[in-house]
Structures are given as C-alpha cells and as structure tokens.
Trainee: 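Attaching a single structure in structure tokens format; questions to follow.
Note that this is a predicted model, so its numbers are computed, not measured. In what follows, residues are counted from 1 in the order of the sequence shown.
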Amino acid sequence: MPAVGGIPTGPGKEYPGNLTPYVIVTCVVAAMGGLIFGYDIGISGGVTSMDPFLLKFFPKVYRSKHGDSSTNQYCQYNSQTLTMFTSSLYLAALLSSLVASTVTRKFGRKPSMLLGGLLFFAGALLNGFAQAVWMLIVGRILLGFGIGFANQSVPLYLSETAPYKYRGALNIGFQLSITVGILVANVLNYFFAKIHGGWGWRLSLGGAIVPAIILTVGSLFLPDTPNSLIERGNMEDAREKLKRIRGLENVDEEFNDLVMASELSKQVEHPWRNLLQRKYRPHMAVATLIPFFQQFTGINVIMFYAPVLFNTIGFGDNASLMSSVITGLVNVIATLVSIYGVDKWGRRFLFLEGGAQMLICQIIVAACIGAKFGINGNPGELPNWYAIVVVLFICIYVAAFAWSWGPLGWLVPSEVFPLEIRSAAQSINVSVNMVFTFLVAQIFLNMLCHLKFGLFLFFAFFVVVMTIYIYYFLPETKNIPIEEMNQVWRSHWFWAKFMTEEFSNGNVEMLKGGQALKNV
Ligand code: BGC
C-alpha cells in the first residue's frame with residue numbers, strides 16, 4: 001500500500017529553471033496582494049477598541065465597556081452591530097471571489113489583481129471619511145470585494161509563476177505580506193489611538209489606500225502567467241514569458257506540458273459543474289476542508305480581537321494594543337521559518353508540527369483563563385506573571401499557525417488543482433475561507449460571553465480533527481511540478497481509487513500521440 005502521505009515513488013519530471021531575479025521580483029510584487037487582506041485584519045480589531053470610534057458609531061458598546069466593571073468581563077463587547085462591522089467584509093469577499101473565478105479564467109490572473117486593488121482603494125476612502133455606520137459598512141463591503149479578487153488570483157499567480165522547486169517559498173510571499181499587513185496595521189493603531197482629538201481611527205481606516213495603491217500599480221506591471229496565456233490561446237507570448245521567467249532558452253518540455261494541460265482543460269466546458277465529478281473528489285476535499293480548518297484553528301480570534309481579548313483578560317487599552325503588536329511581530333517572523341522550510345521539510349511536516357504546537361498552547365491558555373476568571377468572569381486582581389504567561393502562550397500558538405496553517409492554507413489549494421478546474425476550485429477555497437472567517441468573527445464575542453475559557457478548548461478540538469485529516473488524507477506536494485500533480489493522488493492510499501484511467505492516462509496519451517508520460 002502506498003505511503004500515508006502519498007509521496008510518489010516513480011521518477012518525477014524535472015524542468016530546468018532557476019530562481020532568476022526576474023521571477024523573484026515578479027513574485028514579490030504579486031505577493032503584495034496579501035497586504036490589503038492583512039492590513040484589514042490588523043486594523044479592524046484595533047479600531048474597534050478605540051473609544052472615540054466606539055463612541056461615534058457604537059455608543060452602546062462604549063457604555064457597556066465603561067460601565068460597571070463588576071459585570072461579567074466575558075460579555076462586555078458583545079454587540080451585534082460591532083460584529084457586523086467586522087464581518088460584513090467577509091461576505092462581500094465570498095461573493096466577489098466567485099465572480100473572480102470567471103475573470104481570472106477568461107481574462108487572466110492580472111485583471112483580477114487589478115480589480116482587487118481598485119475596489120479596495122474605493123473602500124478605504126469611504127471608510128476614512130465615514131460619517132455614519134452605513135458608510136462604514138458600505139466601505140467594508142467594497143474592501144471585501146477587493147479582497148475576494150486578490151485572494152482568488154494572487155495565490156494562483158504565484159504558484160504558476162514560480163519554478164516548482166521554489167514554489168512553496170515564493171507562494172508563501174503572499175502569506176508573508178498578509179502578516180506584514182497585520183503588523184503594520186497593529187503598529188499604526190497603537191500610535192493613531194494616541195492622537196488627541198480622537199480622529200486617529202480615520203487614519204487607521206483610510207491608511208488602507210496605501211496597500212491598495214501598491215497592489216493596483218504592481219499588477220499593471222506584472223507579466224501574465226504562461227499557463228494563463230496558453231489557456232487563452234496566446235502561444236508565442238506564453239513561450240516568451242516562460243523563457244523570461246525561467247531565465248532559459250530551452251523551455252520546451254515545460255511549455256509542451258503546459259500546452260497539454262491546457263488542451264485537456266479545454267475539453268471541460270463547465271468548470272463549476274465539473275467540480276462535482278468523482279475524479280475531483282480529492283481536490284474538492286482540499287478546496288473545502290483546508291480553508292474550513294484554517295479558520296477553525298481559531299487564529300482570527302487572536303487577529304481580530306487581540307486588543308479586545310487582552311482587554312477582557314485585564315490589560316489596559318494601551319497594553320492591549322501593545323500586546324497585539326507583539327503577536328503581530330511573532331506572526332511575521334514565524335512565517336519566515338515557513339518560507340525557509342516548506343520546500344525542504346515539506347508541507348505535511350509543517351502541518352503536523354504546527355497542529356501539535358497549537359493544541360498544547362490552546363489547552364494552556366484555556367487553563368490560565370479558566371483558573372483566573374472561572375465561570376462568572378470576575379477575575380479580581382490579576383498578577384503580572386499571569387498576563388505574561390497568557391501572552392507568551394498566545395505567541396507560541398501564533399508562531400505555530402504562522403508556519404503551518406497560515407501559509408499552507410493558501411499554498412496547498414493553489415498547487416493541487418488541475419488547470420481545467422483551477423480557477424473555479426480556488427474560488428471555492430476563498431469562499432469557504434471567507435464564510436468561516438465570517439462565522440468565527442460573528443460568533444466569537446458571543447462565544448466568549450457564553451463558552452468563556454471553553455472557547456479555546458472548542459478550537460483545540462478542531463485542531464485535533466484537522467491534524468488527523470492531514471496525516472491520513474493530504475499527500476505531500478513539495479517538489480512536484482504543478483501540472484504533474486495528479487501523480488500524488490494516484491499514488492495515495494485513499495484517493496487513488498478516485499483517479500479514473502481516463503483522467504490519469506487516457507487523455508494525456510491521446511494528446512501525446514500515444515507516447516506515455518515518463519513518470520506514469
Ligand atoms: C488567514 C487569515 C488570518 C491570517 C493571520 C491567513 O492565512 O487566512 O484568516 O487572519 O492568516 O496571519
């Protein structure tokens with residue numbers, strides 16, 4: 001029986017191609033697409049803990065926050081409108097990622113990135129000048145549209161452009177810029193919150209135009225991916241781009257395989273309906289389970305609500321924002337570890353190690369909060385060491401996420417789909433991610449109020465389930481060329497039976513005039 005990880009045994013393809021300066025610059029620029037997403041994640045949490053912002057738009061929350069401190073601390077922030085403010089964006093992102101599928105497939109990855117930047121820009125302006133709650137919400141919907149387009153196209157762009165041996169590292173540039181976006185936003189919140197006159201939140205929200213401009217301008221200069229050019233019939237252009245990206249004259253083998261993948265993909269008329277076919281089951285499992293699990297690590301409880309959470313467990317406003325700057329820094333640094341290791345140690349190792357580390361931290365944090373706050377949420381005096389221990393374990397947890405589920409949640413889906421369903425399946429990945437980001441954002445404050453410290457155990461349970469899924473059902477994908485990915489499913493102990501002959505060999509051989517693929 002093949003290995004649990006489904007690591008292919010036969011000789012794989014080895015396309016020539018280096019890490020050229022051109023490919024590095026291209027990927028760095030494209031990865032900037034993550035900035036808009038990250039900036040928003042980091043900004044919303046901080047802004048919703050700024051008093052002048054709450055007083056202007058959510059006065060009820062402001063009053064309950066500053067009301068009687070003997071009331072239950074777990075419930076002080078529980079407000080439907082405040083939650084709606086944070087999470088409206090994710091519904092918008094969900095919808096736009098579905099539209100983005102068609103744009104990305106028919107017009108290329110670039111136009112989707114451009115649209116992403118422009119929509120985000122519009123949303124940032126509206127938010128920076130907001131006078132009423134509706135302006136905030138409409139602004140956030142526009143931001144969401146932008147994020148949907150960017151998250152749908154950028155990971156695909158990166159995985160298609162990178163030489164396969166460095167695909168992991170280059171793709172994680174996307175997650176790195178998400179984490180940089182979060183950190184910059186946290187630092188800005190920290191300073192803007194101190195501005196006298198209480199209008200600092202306008203700078204925080206309006207500041208989102210900067211990452212929007214970077215993505216918009218960047219996408220104008222990027223080349224389209226060879227895969228997408230071929231898919232749209234621009235053969236010569238595609239060959240030239242491939243030579244340029246790989247820094248070689250002879251790219252025939254890779255080029256021919258890309259053409260072949262594209263021929264196969266043209267036989268598919270309805271990418272959406274096709275997703276339901278049996279042979280795409282393993283891909284659909286990835287497209288739905290990976291983003292679902294990524295959100296059920298509970299990471300966004302920390303990312304959105306770190307200041308609120310730290311405030312709840314007894315930190316002052318200032319200390320709360322400061323602690324989220326610290327977690328933001330850990331998030332960036334640990335992502336670098338992933339960039340270093342992903343193509344060496346593989347995806348599975350990082351997933352499994354990260355899962356174990358998150359689980360331990362969640363149990364410890366739950367125990368700490370439970371011990372001090374108990375069931376009724378009245379902590380009394382909190383000693384210093386207590387705060388340090390909680391922040392420390394939250395940091396170790398964030399580090400684990402940042403080198404496992406964070407980057408791999410975007411990398412793995414973008415590299416396992418065959419070209420014919422790639423764009424549609426990636427939209428499913430983004431939508432599922434957004435639905436559950438939305439849900440976690442919606443229910444977190446409520447869950448904190450009702451589940452109390454048990455909230456952390458709730459997420460710990462999911463970490464156990466996702467780690468089991470990875471162990472048994474996710475094959476290793478490091479060092480496999482993207483258009484050769486079918487072999488990992490064919491040699492997987494469970495998924496092999498879903499890979500029909502027609503899918504794995506028949507069409508390919510027909511297209512190659514009967515000449516079997518070397519590695520089949
Ligand atoms: C996730 C976000 C999360 C971020 C934290 C991303 O991969 O999709 O939901 O907030 O990582 O760094």
Trainee: Y471 ring centre to R348 NZ or CZ under 6.0 Å, with the angle to the axis within 45°?
Mentor: yes
Trainee: Could you check S112, S228, P111, S427 and say which one makes a side-chain contact (heavy atoms from CB on, under 4.5 Å) with S153?
Mentor: S112
Trainee: So F293 and T467, do their side chains get closer than 4.5 Å, heavy atoms only?
Mentor: no
Trainee: Would L94 and F438 count as a side-chain contact (heavy atoms from CB on, under 4.5 Å) here? Give the steps.
Mentor: CA-CA 9 Å; L94 183 170; F438 170 81; over 6 Å; no
Trainee: Would you check if I245 and Y22 make a side-chain contact, meaning some heavy-atom pair closer than 4.5 Å?
Mentor: yes
Trainee: Hey, can you tell me if W410 and F37 have their rings parallel, tilted or perpendicular (30° and 60° cut-offs)?
Mentor: perpendicular
Trainee: Which atom names give the shortest non-hydrogen contact between P223 and T26, and what distance separates them?
Mentor: CD-CG2, 3.8 Å
Trainee: Are the aromatic rings of F53 and F57 close, with centres under 6.0 Å apart?
Mentor: yes
Trainee: Q295 pairs by side-chain contact (heavy atoms from CB on, under 4.5 Å) with which of T437, V432, L439?
Mentor: T437
Trainee: Write down the atom of H283, the atom of I421, and the distance for their closest heavy-atom approach.
Mentor: CB-CD1, 4.1 Å
Trainee: Determine whether a donor-acceptor pair (N or O, by modelled atom type, separation under 3.5 Å) exists between the side chain of Q357 and the backbone of V398.
Mentor: no
Trainee: Among S423, S101, S97, which one satisfies side chain to side chain donor-acceptor pair (under 3.5 Å) with Q152?
Mentor: S423
Trainee: Side chain of K478, backbone of W345: donor and acceptor closer than 3.5 Å?
Mentor: no
Trainee: Taking the side chain as everything from C-beta on, heavy atoms only, tell me whether R422 gets closer than 4.5 Å to N227.
Mentor: yes
Trainee: For N151 and M434, work out which heavy atoms get closest and say how close.
Mentor: ND2-CE, 3.6 Å
Trainee: Mark yes or no for whether Q175, through its side chain, and I339, through its backbone, hold a donor-acceptor pair below 3.5 Å.
Mentor: no
Trainee: If you define the side chain from C-beta out and look only at heavy atoms, does anything of F393 sit under 4.5 Å from I396?
Mentor: yes
Trainee: Would N127 and L136 satisfy side-chain contact (heavy atoms from CB on, under 4.5 Å), going step by step from the backbone distance to the final call?
Mentor: CA-CA 5 Å; N127 269 353; L136 281 182; 3.8 Å; yes
Trainee: Going by heavy atoms in the side chains, are T179 and L183 under 4.5 Å from each other?
Mentor: no
Trainee: Heavy-atom distance under 4.5 Å between the side chains of V412 and V286, does that happen here?
Mentor: yes
Trainee: Taking the side chain as every heavy atom from C-beta outward, state whether T216 and L114 have any pair of such atoms under 4.5 Å apart.
Mentor: yes
Trainee: Is there a donor in the side chain of S414 and an acceptor in the side chain of E160, or the other way round, less than 3.5 Å apart?
Mentor: no
Trainee: Quick one, L176 with V332, criterion side-chain contact (heavy atoms from CB on, under 4.5 Å). Give me CA distance, side-chain angles, the key distance, then yes/no.
Mentor: CA-CA 6 Å; L176 184 66; V332 174; 4.2 Å; yes
Trainee: Please report the closest heavy-atom contact between L98 and S431, naming both atoms and the distance.
Mentor: CD2-OG, 3.4 Å
Trainee: Given side chains that start at C-beta, do those of Y39 and L143 come closer than 4.5 Å, heavy atoms only?
Mentor: no
Trainee: Test your reading of the model: is there a side-chain donor-acceptor pair from Y157 to the backbone of A31, 3.5 Å cut-off?
Mentor: no
Trainee: Taking the six-membered ring where the residue is Trp, are the ring centres of F458 and F462 under 6.0 Å apart?
Mentor: yes
Trainee: Just by modelled atom types, is the P291 backbone N or O under 3.5 Å from a matching donor or acceptor in the N433 side chain?
Mentor: no
Trainee: Does NZ or CZ of K110 come closer than 6.0 Å to the centre of the six-membered ring of F107, within 45° of the ring's axis?
Mentor: no
Trainee: Please check if the number of heavy atoms outside W199 that lie under 6.0 Å from its CH2 is greater than 12.
Mentor: no
